[in-house]
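Right, one structure below, let's go through it.
We name chains A, B, ... by the order of the sequence lines, and we start the count at 1 in each one. Predicted model, so just to flag it, every value in this text is computed and none were measured.
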2 protein chains.
Amino acid sequence: MRETVNLRRLSEVLGLSQTTVSRALNGFPEVNERTRARVVEAARRLNYRPSASAASLATGKACAIGHVVPLAEHMMINPHFSDFLAGAGEVYAQFGYEMLLRVVAQAEEADVYRDFASRSRVDGVVVHGPLTNDPRIPLLKSLGLPFVVHGRCDDGAGDYSWLDVNNRRAFCRATGFLADLGHRRIALINGLEAMNFASRRRQGYESVLVERGLDQDPSLIFSEDMVEPYGYRVARQMFSSPRPPTAILVSSVLPAMGVVRALAEFGIRPGADVSIIAFDDCLSFLQMASEGKARDVPFLTAMRSSIREAGRRVAEMLLEQIAAPDGGRRHELWEAELVIGETTAPRPVEQTPLPAAAKS
Amino acid sequence: MRETVNLRRLSEVLGLSQTTVSRALNGFPEVNERTRARVVEAARRLNYRPSASAASLATGKACAIGHVVPLAEHMMINPHFSDFLAGAGEVYAQFGYEMLLRVVAQAEEADVYRDFASRSRVDGVVVHGPLTNDPRIPLLKSLGLPFVVHGRCDDGAGDYSWLDVNNRRAFCRATGFLADLGHRRIALINGLEAMNFASRRRQGYESVLVERGLDQDPSLIFSEDMVEPYGYRVARQMFSSPRPPTAILVSSVLPAMGVVRALAEFGIRPGADVSIIAFDDCLSFLQMASEGKARDVPFLTAMRSSIREAGRRVAEMLLEQIAAPDGGRRHELWEAELVIGETTAPRPVEQTPLPAAAKS
DNA sequence: AAATATTCCCAAAGCGCTTTGAGGAGGAGA
DNA sequence: TCTCCTCCTCAAAGCGCTTTGGGAATATTT
């Protein structure tokens with residue numbers, strides 16, 4: 001109910017012009033420090049704050065960053081996504097930027113960008129879940145809308161800013177580690193391979209299979225949305241088959257939980273009977289990978305990289321780019337940690353009690 | 001890079017006044033249909049869309065709804081929250097509203113509302129996770145900012161709009177159901193009881209304990225943030241104690257997953273040895289409660305109510321309220337379904353093999 | 001034919017801010 | 001005393017839209 005006081009009213013109260021008041025509040029040097037103090041104090045007292053839309057209109061800056069939340073089919077703002085947003089949001093809030101979310105069907109994403117651009121709704125956007133050769137990149141370029149990609153679209157990506165995890169390397173290392181432990185049948189429960197990051201993960205995994213001469217069995221490779229029941233289902237499937245794997249790589253903790261649940265039903269012990277390594281994005285609400293039985297020994301062995309931290313950094317990069325549009329493009333490739341937990345162990349000498357052909 | 005075309009330019013191209021063009025596009029009746037068609041076509045061709053800030057400034061409407069994401073300590077935009085947002089976001093997008101998120105420390109939430117109001121950033125806000133006698137309600141009223149509460153702050157809540165699940169009733173029914181199955185030691189793994197919904201859940205649970213004369217043991221009641229490791233930890237704790245419960249109520253699927261993980265380690269079978277009922281918000285990325293071994297039989301027995309659907313409805317209510325500020329306040333109390341899955345069964349005749357005192 | 005409605009369109013006045021281009025006051029130097 | 005700076009302040013012009021209050025055609029009624 002409180003009257004909303006505007007610049008004119010404030011300047012009247014102070015007996016100053018709007019110009020002076022505006023300059024005083026915006027820290028311009030040509031205003032007397034005593035005047036400025038008076039102005040600031042009055043503004044505080046009257047609870048004056050400049051209208052967002054008036055300021056945007058005058059400056060041409062929206063002071064807002066757009067994020068498009070893909071509403072795939074009957075789906076899902078997934079937790080990876082929201083943790084990223086949490087990180088980015090912290091940075092925006094800190095720098096006085098607004099974060100604005102659009103939840104739309106995937107097909108409408110391009111329209112949203114066009115809308116953002118032509119209505120000057122935002123000063124920049126973050127591109128999530130890039131596909132290989134993602135059409136969004138040329139679109140955004142043609143719209144002249146600053147953007148940073150979380151992930152990459154291709155290898156020669158020099159002409160746009162991105163931040164990515166070295167997914168290929170992470171999966172190389174994890175696969176190699178399992179091979180070192182004697183595992184030869186290693187399953188991959190991957191994300192959707194249309195996503196660039198998922199195809200890199202697969203490349204990492206397969207390169208090691210080839211290099212070390214491990215089993216290459218298509219029935220051990222899966223590619224779907226990374227949700228819990230997915231892990232559950234494919235784990236049940238594999239361990240109902242004649243030749244189950246002795247180790248599993250999982251693209252996210254979510255399906256990893258499903259895997260653990262399935263194994264429990266079969267009486268198979270993670271770590272002891274089957275090794276599991278998951279990619280852990282440090283999702284804040286399930287630190288499965290960081291809390292184990294014994295203090296400081298995580299349950300899951302994991303490739304770890306905080307997606308929230310990535311959100312923070314991407315936001316910073318974007319804000320920098322908006323401040324200095326000609327400052328060149330930035331690229332950051334983060335290495336994931338490989339953290340040993342309780343779910344990895346040398347391959348059991350005796351096979352799991354299933355009708356599997358003994359081999360080597 | 002494309003030139004951003006504004007109203008003036010569009011009207012010049014058309015040889016019409018800005019007024020006419022504006023009216024044509026905004027569907028005013030006093031404009032000739034043929035003229036309107038010409039205008040619309042030209043607008044489409046030139047990719048004209050009204051500047052958001054200019055429109056807001058002129059109309060006084062921000063066409064945006066604010067959500068504050070509490071950044072509790074080292075925490076978390078939790079999945080319950082983000083699923084709610086997904087639902088709300090769908091509705092906003094549909095009605096041309098922007099969803100704008102502020103990620104800030106809990107202590108700053110009031111400042112954010114003040115900022116929203118005095119800068120006319122938003123036309124309304126959604127209040128999340130209301131406490132009993134939440135200070136945000138009087139604040140928002142005094143700011144004159146329309147709002148809808150997801151949940152309730154007290155029982156005599158007539159003077160603000162809210163949508164809530166009948167948490168008390170849901171937990172009454174679940175507890176009663178377990179009692180019917182013969183369980184007498186029932187644990188409650190609850191959310192933070194500062195939250196109004198959690199205290200209602202506890203009330204429901206306790207009222208049935210009293211009514212049916214079941215064990216009232218404080219060591220079976222827990223109240224924390226609803227994350228996975230929480231469930232894991234307290235389940236381990238209970239089943240390491242001399243007198244574990246034979247049934248468990250869990251406030252969310254997240255800690256329920258932790259419980260299942262802990263039980264697996266103890267070799268205790270959910271359903272067979274211990275009954276579990278969780279509150280299932282239908283989180284879209286883990287439909288544990290809806291996908292079981294046999295098709296159509298869910299794994300978890302659950303009280304179920306879609307938080308995403310709640311998000312949709314709350315958004316609708318808020319938009320209605322903004323459109324008709326004097327239309328009175330709305331209240332909706334939803335009943336949760338009680339859906340039987342595989343994790344509930346009659347109390348085992350023989351006690352779990354732990355040194356427990358036998359008792360009728 | 002004149003008077004009244006109706007239809008379609010327009011010029012101009014905001015909305016609340018930032019920013020440009022000056023201008024008045026006061027002190028320093030000639 | 002007059003001029004020239006520096007310091008501080010201001011009036012006014014946008015930013016791009018909506019909306020008010022007509023006004024010029026055209027159509028309808030008397």
- Query: Relative to each other, are the rings of A:W162 and A:H331 parallel, tilted or perpendicular (30° and 60° limits)?
  - Reply: parallel
- In whole angstrom, give the distance that lies between atom CZ of A:R34 and atom P of D:dT9. 10 Å
- Counting primed atoms, P, OP1 and OP2 as sugar-phosphate and everything else as base, the B/S/- map of nucleotides 12-19 of chain D against protein heavy atoms under 4.0 Å is B-BBBBBB
- Task: Round to a whole Å and report the spacing from CZ of A:R36 to P of D:dT9.
- Result: 10 Å
- Taking only Lys NZ, Arg NE, NH1 and NH2, and the carboxylate oxygens of Asp or Glu, determine whether B:D164 and B:R152 approach each other closer than 4.0 Å. yes
- Atom-pair distance (CD on A:E30; C1' on C:dG24), nearest Å: 16 Å
- Results of side chain to side chain contact (heavy atoms under 4.5 Å, CB included) for A:Q18 - residues two or more places apart only: A:L7, A:R8, A:S11
- Task: Please round to the nearest 0.5 Å and tell me the distance separating atom CG of A:D123 and atom CG of A:L318.
- Result: 8.5 Å
- Length of the CG-P vector between A:N32 and C:dA25, whole Å: 17 Å
- What pairs with B:S56 under side chain to side chain contact (heavy atoms under 4.5 Å, CB included), at least two apart in sequence or on another chain? A:S53
- For the rings on A:F116 and A:H67, is their centre-to-centre separation under 6.0 Å? no
- Heavy atoms under 4.0 Å, any strand shown: does B:S56 hit a base, just sugar-phosphate, or nothing? nothing
